[in-house]
Asks: 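Can you read through this structure? Questions will come right after.
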Amino acid sequence: MKYIISMGSNLGKSQEIMVNALRDLEKSSRWKTLKKSSFYRTAPWGKTDQPDFLNAVIETEWEGTPESLLRFLQQTENRHRSEEHTSEL
């Protein structure tokens, strides 16, 4: 099944974090990247006293349930969340 996934980061070395996360996603035999956007820098809204965001969108094909994709994405996010904090040091 095809999905559209958005990625974003505004802490640490955002582009490096997002490239590494996508690389990890692509290691799974259940994930196939069909298309990916460029990176776009956007200003925060609402809570504006924070760094700009780096955003991207991926079209993917996933062999599994929507729930298993969500778990997979959350696990990948959690693995890379620590990069946000260590890259600021």
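Scope of the values below: all heavy atoms of this structure, side chains included, with no hydrogens, waters or symmetry mates.
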Asks: Under the ring pair (Phe, Tyr, Trp, His ring centres under 6.0 Å) rule, what pairs show up with a residue in residues 9-36, not counting sequence neighbours?
Replies: none
Asks: Could you give the distance from OG (Ser38) to CG (Asn55), rounded to the nearest 0.5 Å?
Replies: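 The OG atom of Ser38 sits 12.5 Å away from the CG atom of Asn55.
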Asks: Which residues pass the side-chain contact (heavy atoms from CB on, under 4.5 Å) test with Lys27, sequence neighbours left out?
Replies: Asp24
Asks: Could you tell me the separation between the CG atom of Leu25 and the CD atom of Glu77, rounded to the nearest 0.5 Å?
Replies: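 The distance works out to 10.5 Å.
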Asks: Output all residues satisfying side-chain contact (heavy atoms from CB on, under 4.5 Å) with Ser37, sequence neighbours left out; order by chain, then residue number.
Replies: Tyr40, Ala56, Val57
Asks: For a side-chain contact (heavy atoms from CB on, under 4.5 Å) check, start with the C-alpha distance between Phe39 and Val19, then their side-chain angles and the critical distance, and finish with the verdict.
Replies: CA-CA 10 Å; Phe39 291 109; Val19 166; 3.8 Å; yes
Asks: Asp52: which residues meet the side-chain hydrogen bond (donor to acceptor under 3.5 Å, both in side chains) condition with it, sequence neighbours left out?
Replies: none
Asks: Roughly how far, to the nearest 0.5 Å, is the OG atom of Ser29 from the CD atom of Glu63?
Replies: 7.0 Å
Asks: Tell me every residue that passes side-chain hydrogen bond (donor to acceptor under 3.5 Å, both in side chains) with Glu26, counting only those two or more places apart in sequence or in another chain.
Replies: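 Expected list: Thr33.
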Asks: Working to the nearest 0.5 Å, report the span between CG of Asn10 and CD1 of Ile17.
Replies: 9.5 Å
Asks: With a 3.5 Å cut-off and sequence neighbours excluded, list the donor-acceptor pairs that the side chains of residues 64-74 form with protein atoms.
Replies:
residue: Thr65; atom: OG1; partner: Ser68; partner atom: N; Å: 2.9
residue: Thr65; atom: OG1; partner: Ser68; partner atom: OG; Å: 3.2
residue: Ser68; atom: OG; partner: Arg30; partner atom: NH2; Å: 3.3
residue: Ser68; atom: OG; partner: Trp62; partner atom: NE1; Å: 3.1
residue: Ser68; atom: OG; partner: Thr65; partner atom: N; Å: 3.0
residue: Ser68; atom: OG; partner: Thr65; partner atom: O; Å: 2.8

Asks: Report yes if the side chains of Arg41 and Phe53 come closer than 4.5 Å at any heavy-atom pair, otherwise no.
Replies: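 No. Closest side-chain heavy atoms not under 4.5 Å.
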Asks: Can you name the residues that form a side-chain hydrogen bond (donor to acceptor under 3.5 Å, both in side chains) with Thr76, not counting sequence neighbours?
Replies: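 Thr76: side-chain hydrogen bond (donor to acceptor under 3.5 Å, both in side chains) contacts with Arg79.
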Asks: Quick check for you: to the nearest 0.5 Å, what is the distance between Met7 atom CE and Met18 atom CE?
Replies: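 That separation rounds to 4.5 Å.
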Asks: Roughly how far, to the nearest 0.5 Å, is CD1 of Ile5 from OG1 of Thr60?
Replies: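 It is 7.0 Å, given to the nearest 0.5 Å.
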Asks: Taking only residues two or more places apart in sequence, or in another chain, which ones meet Lys35 in a side-chain contact (heavy atoms from CB on, under 4.5 Å)?
Replies: Glu59
